[in-house]
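Written out below as structure tokens is the structure these notes cover.
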Protein chains: 4
Amino acid sequence: MYGYTPSKDEYLKRLRRIEGQVRGLQKMVEDDKYCIDILTQVSAATRALQSVALGLLEDHLGHCVAHAAAEGGEVADAKIREAADAIARLVKS
Amino acid sequence: MYGYTPSKDEYLKRLRRIEGQVRGLQKMVEDDKYCIDILTQVSAATRALQSVALGLLEDHLGHCVAHAAAEGGEVADAKIREAADAIARLVKS
Amino acid sequence: MYGYTPSKDEYLKRLRRIEGQVRGLQKMVEDDKYCIDILTQVSAATRALQSVALGLLEDHLGHCVAHAAAEGGEVADAKIREAADAIARLVKS
Amino acid sequence: MYGYTPSKDEYLKRLRRIEGQVRGLQKMVEDDKYCIDILTQVSAATRALQSVALGLLEDHLGHCVAHAAAEGGEVADAKIREAADAIARLVKS
């Protein structure tokens, strides 16, 4: 049971849509579409992935991190450090 | 015939791998994997997409933009503006 | 008293260094330095700012958000939503 | 004489404004402002720097890269590779 569990179906739907976007990108390359039009769709897929990441992160903060923070101590510190590292990876990707 | 045409197969291979990463993300959500582990994989897929975009962009600059620049005039200006807009979308996504 | 309070001096030092980087950029423009060299320094200043942001965010999660989470209820929800919004702004900037 | 030369004054004005934003950030830290408010201003300064970078890049493509592309040969290839590297640094920062 994680923060994203109640919204599992919604995340799966979004990820299936992103899978469709990536397949659409393959079709564009196969059909020799114009580079700039492909780039526009790559940006759209990237933004969709980032939006999934931001959703998962908010669910994680509101659930796992919040529970750990309520307990306090080393467990809380470790969870917060772990979340901060994930945020850094997200910002840099 | 575009800048990416000679590397079409390589782009298709990379996009198929990204499609696999996105399907892997769905499996992680279905199997109730830990949020942070999912986030790490989302960051990896995002970086892979960005890397495809940077490749397409370099091919585009070296081919379509370079040709237009060699012609000069309004065609060149329009191509450069179009490329700059695509770069801005990429930086902001 | 906030999460960043114990590291105030360190943040001020880093921000003063970034101010110096931005003044250095002005000097490069005034001295007609090569565009790509200016761009390299803009990227360095941007990364330094993002690194300050990631530090402030981790301090915020470990202090303000952790305290609110320990209290629970609506206060916790509001703090987590606020932090998630700040993370989204950071990822998109 | 570079692509940004005709807009030098405008770039200097924007960079001075960003310097002011970074000094404003120092004042916020000194005055113990709320972390989230500081983060909002860091995001604003980061976006302003990125916008300067995108401007410089477009000027560079329209001037130095276009000239090199018109000449063609190895000089053109080297300029395009250099620009692509700068774009990659920008996207990753």
Side-chain angles (χ1 to χ4, degrees), chain B residues 1-8 10-11 14-15 17-18 21 39-93, chain D residues 1-8 10-11 14-15 17-18 21 39-93:
Chain B
M1 178 77 195
Y2 291 118
Y4 69 83
T5 312
S7 324
K8 243 172 102 156
E10 215 245 302
Y11 280 115
R14 288 163 76 181
L15 287 167
R17 206 179 307 132
I18 295 169
Q21 287 179 292
L39 278 173
T40 303
Q41 294 310 312
V42 176
S43 289
T46 306
R47 266 198 310 277
L49 267 175
Q50 269 178 346
S51 166
V52 164
L54 290 169
L56 287 169
L57 195 65
E58 181 168 0
D59 293 343
H60 179 67
L61 291 176
H63 188 88
C64 312
V65 174
H67 285 206
E71 279 193 45
E74 275 177 37
V75 178
D77 291 350
K79 278 288 166 206
I80 281 156
R81 168 122 289 269
E82 187 189 53
D85 287 345
I87 295 165
R89 277 195 300 275
L90 206 61
V91 168
K92 282 165 189 167
S93 74
Chain D
M1 178 77 195
Y2 291 117
Y4 69 82
T5 313
S7 322
K8 242 173 102 156
E10 216 245 301
Y11 280 115
R14 288 164 75 181
L15 286 168
R17 207 179 307 133
I18 295 169
Q21 287 179 291
L39 278 173
T40 303
Q41 294 310 313
V42 176
S43 289
T46 306
R47 267 197 310 279
L49 267 176
Q50 268 177 346
S51 166
V52 164
L54 290 170
L56 288 169
L57 195 65
E58 181 168 0
D59 293 343
H60 179 65
L61 292 177
H63 188 89
C64 311
V65 175
H67 285 205
E71 281 193 42
E74 275 179 36
V75 179
D77 291 350
K79 278 286 166 206
I80 281 156
R81 167 122 288 270
E82 185 188 54
D85 288 346
I87 295 165
R89 276 195 299 275
L90 207 59
V91 167
K92 282 167 189 166
S93 75

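So that the names make sense, note that chain A is the first sequence line, chain B the second, and so on, each numbered from 1.
Residues D:A83 and D:V65 come closest through the heavy atom pair CB-CG2, 4.1 Å. Of all non-hydrogen atoms in D:A68 and D:A76, the two that sit nearest each other are O-CB, 3.3 Å. The minimum heavy-atom distance linking B:G3 with B:P6 is given by the pair O-CD, 3.4 Å.
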Show me, pair by pair, the donor and acceptor atoms from chain D and chain B that are under 3.5 Å apart.
| residue | atom | partner | partner atom | Å |
| --- | --- | --- | --- | --- |
| D:E58 | OE1 | B:R81 | NH2 | 2.7 |
| D:E58 | OE2 | B:R81 | NE | 3.0 |
| D:E58 | OE2 | B:R81 | NH2 | 2.7 |
| D:R81 | NE | B:E58 | OE2 | 3.1 |
| D:R81 | NH2 | B:E58 | OE1 | 2.8 |
| D:R81 | NH2 | B:E58 | OE2 | 2.7 |

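When heavy atoms are compared at a cutoff of 4.5 Å, D:L61 approaches chain B by way of both its backbone and its side chain. For chain B, the nearby parts of D:A88 are the backbone and the side chain; heavy atoms of each come within less than 4.5 Å.
The greatest number of non-hydrogen atom pairs below 4.5 Å with chain D, out of B:L90, B:I87, B:L57, is found for B:I87.
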